[in-house]
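Okay, structure first, notes after.
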Amino acid sequence: PGSRRSADPGFGRHTMYVSPRENIQQAIEECARQGGGTVVLNPGTHLVTYNITIRTRVNLVGYGNDISTLQFATAAFNISATDIGNFALRDFSMETSSGVAGINITSCFAFTVYNVLCAGNNIGLRIIGSNRFSISNSLMSQNTIGMSIIGSTLWSIYNTHVIDSISHGMTIEDTAL
């Protein structure tokens, strides 16, 4: 993956640009070693044959949900974040993860999901036991369950749509706004 320092405070101190054939997880790990930053998904379809694990203070950002696409292989691969904080997922689409959820966030804090399209998953976006987060301008489409929020506090959802879900559009359990 290509790397360069960024003067843009929105991208953090360290920015890694990943082309469709490059390894996204390696770029995430490099940003984490540098104390945080942003992994930018260059335009195109990124065929992913591994799990993507987000790290503290590392953002995963594309060029738009109709421009940067993560296409997961049929095995149980997904995007996950566990026990971390201060990250963002924005401006990309992700399709066809057969894992529990396309994006699975557990016990995290202070994060955003912005302009993300999740399509063709068991659960598009699942958030468990997390707090201080927002989901905005996103679309969950053609998932069994569009979005599930369980046991989470201090969260908000703006201008986010769940369409064409097979079972439930959105489930909210044991949680407070």
Name all residues meeting the side-chain hydrogen bond (donor to acceptor under 3.5 Å, both in side chains) criterion together with [X]; count only those two or more places apart in sequence or in a different chain, and write none if there are none.
{"X": "Ser93", "answer": "Thr69"}
{"X": "Asn65", "answer": "Asn115"}
{"X": "Gln142", "answer": "none"}
{"X": "Ser148", "answer": "Thr171"}

Heavy-atom donor-acceptor pair, [X] side chain to [Y] backbone, under 3.5 Å:
{"X": "Ser136", "Y": "Tyr158", "value": "no"}
{"X": "Ser107", "Y": "Asp83", "value": "no"}
{"X": "Asn137", "Y": "Tyr114", "value": "no"}
{"X": "Asn78", "Y": "Ala101", "value": "yes"}

How long is the gap from [atom1] on [X] to [atom2] on [Y], to the nearest 0.5 Å?
{"X": "Met140", "Y": "Met147", "atom1": "CE", "atom2": "CE", "value": "4.5 Å"}
{"X": "Asn143", "Y": "Glu95", "atom1": "CG", "atom2": "CD", "value": "10.5 Å"}
{"X": "Ile54", "Y": "Cys108", "atom1": "CD1", "atom2": "SG", "value": "9.5 Å"}
{"X": "Gln71", "Y": "Met94", "atom1": "CD", "atom2": "CE", "value": "9.0 Å"}
{"X": "Ile105", "Y": "Leu89", "atom1": "CD1", "atom2": "CG", "value": "5.5 Å"}
{"X": "Asn159", "Y": "Ile135", "atom1": "CG", "atom2": "CD1", "value": "12.5 Å"}

Among all residues two or more places apart in sequence or in another chain, which pass the salt bridge (charged side-chain N to carboxylate O under 4.0 Å, His left out) test with Arg57?
none

Residues in salt bridge (charged side-chain N to carboxylate O under 4.0 Å, His left out) with Arg132, at least two apart?
none

Pairwise side-chain contact, [X] with [Y], heavy-atom cut-off 4.5 Å (strictly under):
{"X": "Ile149", "Y": "Ile157", "result": "yes"}
{"X": "Val39", "Y": "Val58", "result": "yes"}
{"X": "Arg90", "Y": "Thr112", "result": "no"}
{"X": "Trp155", "Y": "Ile127", "result": "no"}
{"X": "Leu117", "Y": "Ser141", "result": "yes"}
{"X": "Asp91", "Y": "Ile67", "result": "no"}
{"X": "Phe87", "Y": "Leu60", "result": "no"}

For the student: nearest non-hydrogen atoms of [X] and [Y], plus distance:
{"X": "Cys31", "Y": "Thr38", "answer": "SG-O, 3.7 Å"}
{"X": "Ser68", "Y": "Gly62", "answer": "OG-CA, 3.6 Å"}
{"X": "Phe72", "Y": "Ile79", "answer": "CZ-CG1, 3.7 Å"}

Shared ILVMFWY cluster between [X] and [Y], side chains joined below 4.5 angstrom?
{"X": "Leu70", "Y": "Phe77", "answer": "yes"}
{"X": "Val116", "Y": "Ile163", "answer": "no"}
{"X": "Leu139", "Y": "Phe133", "answer": "no"}

Only pairs at least two apart or in different chains count here, so list each salt bridge (charged side-chain N to carboxylate O under 4.0 Å, His left out) that has a residue in residues 103-117.
none

So which pairs with a foot in residues 100-119 pass salt bridge (charged side-chain N to carboxylate O under 4.0 Å, His left out), sequence neighbours left out?
none

Which of these, Arg33, Gln26, Gln25, sits in a side chain to side chain donor-acceptor pair (under 3.5 Å) with Glu29?
Gln25

Non-neighbouring partners of Thr106 that pass side-chain contact (heavy atoms from CB on, under 4.5 Å), sequence neighbours left out
Thr82, Asn104, Ile128

Apply side-chain contact (heavy atoms from CB on, under 4.5 Å) to Asp66 and list each qualifying residue two or more places apart in sequence or on a separate chain.
none

I'd like to check the ring-ring contact (aromatic ring centres under 6.0 Å, His included) partners of Phe92; sequence neighbours left out, ordered by chain and number.
none

Please output the side-chain donor-acceptor pairs of residues 40-49 that fall under 3.5 Å, not counting sequence neighbours, one pair per line with the distance.
from	atom 1	to	atom 2	distance (Å)
Asn42	ND2	Ser19	OG	3.2
His46	NE2	Asn42	O	2.9

